[in-house]
There are 2 protein chains.
Amino acid sequence: MSEVRLKDALDTLKDSGVRITPQRHAILEYLISSESHPTADDIYKALESDFPNMSVATVYNNLRVFLNAGLIKELTYGDASSRFDFVTHDHYHIICDDCGTIVDFHHPGLEEVEHLASHVTGFKVNSHRLEVYGTCPICASRVATTN
Amino acid sequence: MSEVRLKDALDTLKDSGVRITPQRHAILEYLISSESHPTADDIYKALESDFPNMSVATVYNNLRVFLNAGLIKELTYGDASSRFDFVTHDHYHIICDDCGTIVDFHHPGLEEVEHLASHVTGFKVNSHRLEVYGTCPICASRVATTN
DNA sequence: TACACTGATGATAATGATTATAAAGTGAGA
DNA sequence: TCTCACTTTATAATCATTATCATCAGTGTA
C-alpha cells in the first residue's frame, strides 16, 4: 500500500526529469510513512542516523521539489514551522490548540463556498484551505484532571 | 461608523485594565481604517511620520495585546509575514495567488463542518479557518493581456 | 506637590525558520 | 574516460518575531 504510493511518487518525479537520489528517496519514504505531518526539522532529525552528512538545506530543497511536483502540501500555522503532508485523497485538518497535534478528517469539498467567493469578489478560484481548531481528547483530559 | 468601532475598541481595552497610550490609539485607528489587512511592518511604516521614535517591538507588543483582547485576528499564510485584521462581523478571505491581495467575503459559518470534525476526531472544537485562493480580476486581466 | 509603583516604550540583541551561495560530489550520456 | 548538468553539503545571510532591559509616563497616595 505505502510501497505503491512511494513507487508512484518516484515515477512522478522521474517522469518530470527529477533525479532520484538516496536522500530524496528517504525523505519521500518518511513523508509517506509518517502519520504526523512532520516539519522540515522533524524529517532532518529522523533521517540523521541514516544520513549523518545530510544538510538541512537538502531537506528544504527537496521539499520544494516535491511541492512543485504536487506530491506534498505545505501546512502553515501562525508562527510555528511549516508542516508537510503527503498528498493522498482530499481531507482537511483539525489542529489541537494546546499540543499542535494534527488529525485528518474527511468532508466533502466546499465547492459552494468557492462559487460564492468567486461570484462576490470576481476572483477566479483555484483552491481553498480549511482548518478546524480545538482541543484534542488527550489535552482535554489533561486539563480536566489538572483542575 | 469607524469612530464608533474605535471607541468600542478603546472601551474594551480600558475595561480589561489596558492603558490607552498614543501608540495604541494610533495602531488601532490604523487597523480599523485600513482595508488592506496590514502586516506589522505596514503599520510600523504607516505610523513612522507620526511616531518617529516608535519601535517595531511596540507594534508587535500591542498587536499581541489586541489579539488577547479579541479585537483583532492574525492571518498567516505560507512564509510571508502575518497580517492583522480588525474583528468585525464574520467573514472569510479570498487571497490572490499572484499579488497577495486579500478580499473579504461573507458566508454563513461552517458549523456542520465543525460538528463533523468533532464527531470524527473526538476533539472539542473552538474555531475554524477558511481561505479561498485564486486570481484576482486585476491579475487575471494582466495575465490575459501579457499572453 | 512629591513619591513610588506598575505598566509601556524604545533600542537593541537574540532566536529560529528558511533561503542563498559557492564549492565539491555524482551520475548519465557522448 | 570526459563532460555537463544536477545535487548535495557547509555555511553565511535574511527576515520576521521575540526577549531583554533601561528609561519613561501615568495613576494613586501621602
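All chains are named by letter (A, B, ...) in the order of the sequence lines, taking the proteins before the strands, and each is independently numbered beginning at 1.
In terms of modelled atom types and a separation under 3.5 Å, the side chain of B:Asp42 and the main chain of B:Thr39 share a donor-acceptor contact. Within the 3.5 Å criterion, the main-chain N or O of B:Arg19 finds a donor-acceptor partner in the side chain of B:Arg24.
B:Thr58 and B:Gln23 share no donor-acceptor pair across their side chains, judged by distance under 3.5 Å alone.
Once rounded to the nearest 0.5 Å, the distance linking NE2 of A:His25 with CD1 of A:Ile20 reads 8.0 Å.
A heavy atom lying under 4.0 Å from DNA chain C marks the following residues of residues 47-58 of chain B, by number: B:Asn53, B:Met54, B:Ser55, B:Ala57, B:Thr58.
B:Asn62 comes within 4.0 angstrom of sugar-phosphate atoms only, judged by non-hydrogen atoms across all strands, and of no base.
Nearest nucleotide to the A:Arg64 side chain, out of C:dT18, D:dT17, C:dA20: C:dA20. When each of D:dT8, C:dA17, D:dT17 is scored by its nearest atom to the side-chain atoms of A:Asn61, the top-ranked nucleotide is D:dT8.
Side-chain N/O atoms of A:Ser82 include one lying less than 4.0 angstrom from OP1 or OP2 on C:dT18. Look at A:Tyr60 and you won't find any side-chain N or O under 4.0 angstrom from OP1 or OP2 of C:dT19.
One interatomic measurement links the two molecules: CD1 of A:Ile20 to C1' of D:dC6, which rounds to 13 Å at whole-angstrom precision. Atom C1' of nucleotide D:dT7 and atom CZ of A:Phe66 are separated by 12 Å, given to the nearest angstrom. One interatomic measurement links the two molecules: CD of A:Gln23 to P of D:dA10, which rounds to 11 Å at whole-angstrom precision. When rounded to the nearest whole Å, the span between CG of B:Leu13 and P of C:dA8 equals 10 Å. Distance CD (B:Glu74) to P (D:dA16): 14 Å, rounded to an integer number of Å. Between the NE2 atom of A:His25 and the C1' atom of C:dT26 there is a distance of 18 Å, given to the nearest Å. D:dT17 atom P lies 11 Å from atom CG of B:Leu67, rounded to whole Å. Atoms CD1 (A:Ile27) and C1' (D:dT8) sit 11 Å apart, rounded to a whole Å.
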Exercise. Does the side chain to side chain contact (heavy atoms under 4.5 Å, CB included) test come out yes or no for B:Ile95 and B:Val132, once each step is laid out?
Worked result: CA-CA 6 Å; B:Ile95 299 135; B:Val132 179; over 6 Å; no
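Mapping B:Gly17 and A:Asp41 onto DNA chain C by nearest heavy atom places B:Gly17 closer to the 5' end of the strand.
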I'd like a table of donor-acceptor pairs (distance under 3.5 Å, sequence neighbours excluded) in which one partner is a side-chain atom from residues 113-122 of chain B, with atom names and distances.
unit_1: B:Glu114; atom_1: OE2; unit_2: B:His128; atom_2: ND1; d: 2.7
unit_1: B:His115; atom_1: ND1; unit_2: B:Glu111; atom_2: O; d: 3.4
unit_1: B:Ser118; atom_1: OG; unit_2: B:Phe123; atom_2: O; d: 2.9
unit_1: B:Thr121; atom_1: OG1; unit_2: B:Ala117; atom_2: O; d: 2.6
unit_1: B:Thr121; atom_1: OG1; unit_2: B:Phe123; atom_2: N; d: 3.2

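Considering only residues two or more places apart in sequence or on other chains, A:Ser36 meets the side chain to side chain donor-acceptor pair (under 3.5 Å) condition with A:Ser34. For B:Arg129, the side-chain contact (heavy atoms from CB on, under 4.5 Å) partners are A:Arg129, A:Glu131, A:Tyr133, B:Thr76, B:Tyr77, B:Glu131, not counting sequence neighbours. With sequence neighbours excluded, the residues satisfying side chain to side chain donor-acceptor pair (under 3.5 Å) with B:Asp104 are B:His37, B:His93.
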Scan nucleotides 21-28 of chain D against the protein and return all N/O pairs shorter than 3.5 Å with their distances rounded to 0.1 Å.
none

